[in-house]
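Heads up: the structure comes next, in structure tokens.
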Number of protein chains: 2
Amino acid sequence: MTELNEKQLQILQVAERLFAEKGFDGTSVRDIAREASINIAMVSYYFGSKDKMLEALILWRTSDMRLQLETLLKLDADPWEKLEKLIELYINRVRRNHCIYRIIHFELANTQRSIKIEEFNEVKKRNLGMIRQIVEEGQQSGQFRKDIIVELLPATVLGIYFQFHNTRLFYQSVLDLKTDEDFEQYVEHNLIPYIKQVLKALLKNENQ
Amino acid sequence: MTELNEKQLQILQVAERLFAEKGFDGTSVRDIAREASINIAMVSYYFGSKDKMLEALILWRTSDMRLQLETLLKLDADPWEKLEKLIELYINRVRRNHCIYRIIHFELANTQRSIKIEEFNEVKKRNLGMIRQIVEEGQQSGQFRKDIIVELLPATVLGIYFQFHNTRLFYQSVLDLKTDEDFEQYVEHNLIPYIKQVLKALLKNENQ
DNA sequence: GTTTAAGTTAAACGTTTGTTTAGTTTTGGT
DNA sequence: ACCAAAACTAAACAAACGTTTAACTTAAAC
């Protein structure tokens, strides 16, 4: 895949939404064609097959997914401030790309489907390296504790967020969040601060 | 659905594994019939349809999923000990039932599929009530801090665990976990202790 | 031993699936 | 204006899908 033209992007956008809503196997090429107002044959014409379209979709999205951590690193701020900004960056990226995240999580674990995700993993490794730098800064200044498994920090931030979304119906019932707006408001004003609180508590050096 | 006979259980067990591996839409009735060594028609004969079989599967599994929290509550132990036991109960249940959890998370969020999960939510609410009791115990003895959003504690425990599993390939690469055994060992000796550490840090009353 | 119901089967049902074909329209360079 | 390449379409393709049918076997009851 060299370059994507306008029509291809239009198809991928529709496909992304439908795959996230109904799953890859639950979405037919005809569904995509109908909603994208194109002919069924265009999928094969542009991407070769439905499977290759999924690969193109993942490739397209992941290439755009690197965190803007460089600027964060260079920022002359308190490690605690950097940590907050870091969490916000992560959550915002996930919120913007929640469709493709759903797809990747779902189809990746799918045994029979073999998607190329080396690039996806590379992005995650890069981001992990930057997190490690921020954590080490905090450790050197004595503000963060020493025994931190940095690798598990992304899983903590994203895990809490995804679990909240995946059990959405339960939380809407328990927390009395009637509308989608209520739900997003809770994420903004309660969930994200909670995630920050969790990481702060975890990283705080008690011996200081 | 009144009672499940041996054959029905055999079918559901195979279906559970395949749905978890390949998704509901990615698994055909013929796949299930082949692996369960039964005739294709038996699915419709016993359950009515493929969809109703999924409902029966979820109903069967969730009825068996209540945490044994009652004994934990009555235990005359330190709140910190109870917290540890609580986390172990949660994780162990998820590890035992990880297939049905995968299915529920992914098929539930599926827009077009309308599965009855009131019972599933009821179980979760019951469990949440018990967690609240344990937390309140710790708060009354002054060991836990007061401003805890109890509702988000299950999402924290399960979220970290699921995220670790969902991005398995990434973590196998980053943490150099070559075999399945290595992976499970890491969960046992690193991930679960980490989750305990997270919750302890979060709940600990600093003003004590 | 006969009867009745439940269990089980292979085959066929009508749809829907992803993909291809063969033909038409549009586009852009000369 | 012409032509070749690209874009696009309706129709058809075989394969796979979930489900139903009708016939057959087994099991239990009387």
Side-chain angles (χ1 to χ4, degrees), chain A residues 1-60 103 106-107 110-116, chain B residues 1-60 103 106-107 110-116:
Chain A
M1 186 66 55
T2 55
E3 204 66 34
L4 296 169
N5 63 41
E6 215 169 302
K7 201 105 191 184
Q8 286 175 304
L9 287 177
Q10 176 198 346
I11 297 172
L12 288 186
Q13 277 165 9
V14 172
E16 183 182 35
R17 180 168 53 79
L18 293 182
F19 288 165
E21 280 177 10
K22 315 195 286 177
F24 180 78
D25 290 309
T27 306
S28 72
V29 179
R30 284 169 178 81
D31 290 335
I32 299 168
R34 195 184 310 113
E35 299 225 12
S37 304
I38 54 151
N39 188 276
I40 327 162
M42 297 308 289
V43 169
S44 290
Y45 178 74
Y46 274 128
F47 300 102
S49 69
K50 188 190 175 190
D51 285 86
K52 284 180 186 166
M53 182 179 61
L54 176 61
E55 276 194 33
L57 171 59
I58 291 176
L59 218 63
W60 168 53
I103 296 168
F106 191 96
E107 306 302 339
N110 196 317
T111 320
Q112 59 194 359
R113 195 131 38 234
S114 58
I115 307 168
K116 292 176 188 167
Chain B
M1 187 66 54
T2 55
E3 203 68 31
L4 296 170
N5 64 39
E6 216 169 300
K7 201 104 189 183
Q8 286 175 305
L9 287 177
Q10 177 198 346
I11 298 173
L12 287 186
Q13 277 164 11
V14 171
E16 182 182 36
R17 180 170 54 82
L18 293 181
F19 287 166
E21 281 177 9
K22 315 195 288 179
F24 180 78
D25 290 310
T27 306
S28 72
V29 177
R30 283 169 178 82
D31 291 334
I32 298 168
R34 194 184 311 113
E35 298 225 12
S37 304
I38 54 151
N39 188 277
I40 326 164
M42 299 307 289
V43 169
S44 289
Y45 177 74
Y46 274 129
F47 301 101
S49 70
K50 189 189 175 190
D51 285 87
K52 285 179 186 166
M53 183 179 61
L54 177 61
E55 277 194 33
L57 170 60
I58 291 176
L59 220 61
W60 167 54
I103 297 168
F106 282 118
E107 305 304 338
N110 195 319
T111 320
Q112 58 194 0
R113 196 134 36 235
S114 58
I115 306 168
K116 292 174 188 167

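Computed from a predicted model, the values in this text were never measured in an experiment. Here is how names work: the chains are called A, B, and so on, in the same order as the sequence lines, proteins then strands, and each is numbered from 1.
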What is the separation between atom [atom1] on [X] and atom [atom2] on [N], rounded to the nearest whole Å?
X	N	atom1	atom2	result
B:Phe47	C:dT8	CZ	P	12 Å
B:Phe19	D:dG18	CZ	P	9 Å
B:Arg34	C:dA10	CZ	P	14 Å
B:Ile38	D:dT19	CD1	C1'	14 Å
B:Asn5	C:dA5	CG	C1'	15 Å
A:Ile40	D:dA11	CD1	C1'	9 Å
B:Asn39	C:dG7	CG	C1'	11 Å
B:Lys50	C:dT15	NZ	P	19 Å

If you take all heavy atoms of [X] and [Y], which pair is closest and at what distance?
X	Y	value
B:Thr27	B:Leu18	OG1-O, 3.2 Å
A:Ala15	A:Ile32	CB-CD1, 4.1 Å
A:Met53	A:Val43	SD-CG1, 3.9 Å

When you get a sec, tell me which of [options] is the closest nucleotide to the side chain of [X]?
X	options	value
A:Lys7	C:dT8, D:dT19, D:dC8	D:dC8
A:Tyr46	C:dT19, D:dC8, D:dG18	D:dC8
A:Ala41	D:dG18, C:dT19, D:dA10	D:dA10
B:Met42	C:dT19, C:dT8, D:dT20	C:dT8
A:Val29	D:dT19, C:dT9, C:dG18	C:dG18

Looking at [X], does any N or O in its side chain come under 4.0 Å of the phosphate oxygens OP1/OP2 on [N]?
X	N	answer
A:Tyr45	D:dA7	yes
B:Ser49	D:dG18	no
A:Ser28	C:dT16	no

Once you round to the nearest 0.5 Å, how far does CG of A:Leu54 lie from CZ of A:Phe47?
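Those atoms lie 11.0 Å apart.
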Could you tell me the separation between the CD atom of B:Gln8 and the CD1 atom of B:Ile38, rounded to the nearest 0.5 Å?
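Going from the CD atom of B:Gln8 to the CD1 atom of B:Ile38 covers 10.5 Å.
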Under 4.0 Å, heavy atoms only, any strand: does A:Ser44 hit a base, just the sugar-phosphate, or nothing?
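If one applies the 4.0 Å heavy-atom cut-off, A:Ser44 turns out to touch a base.
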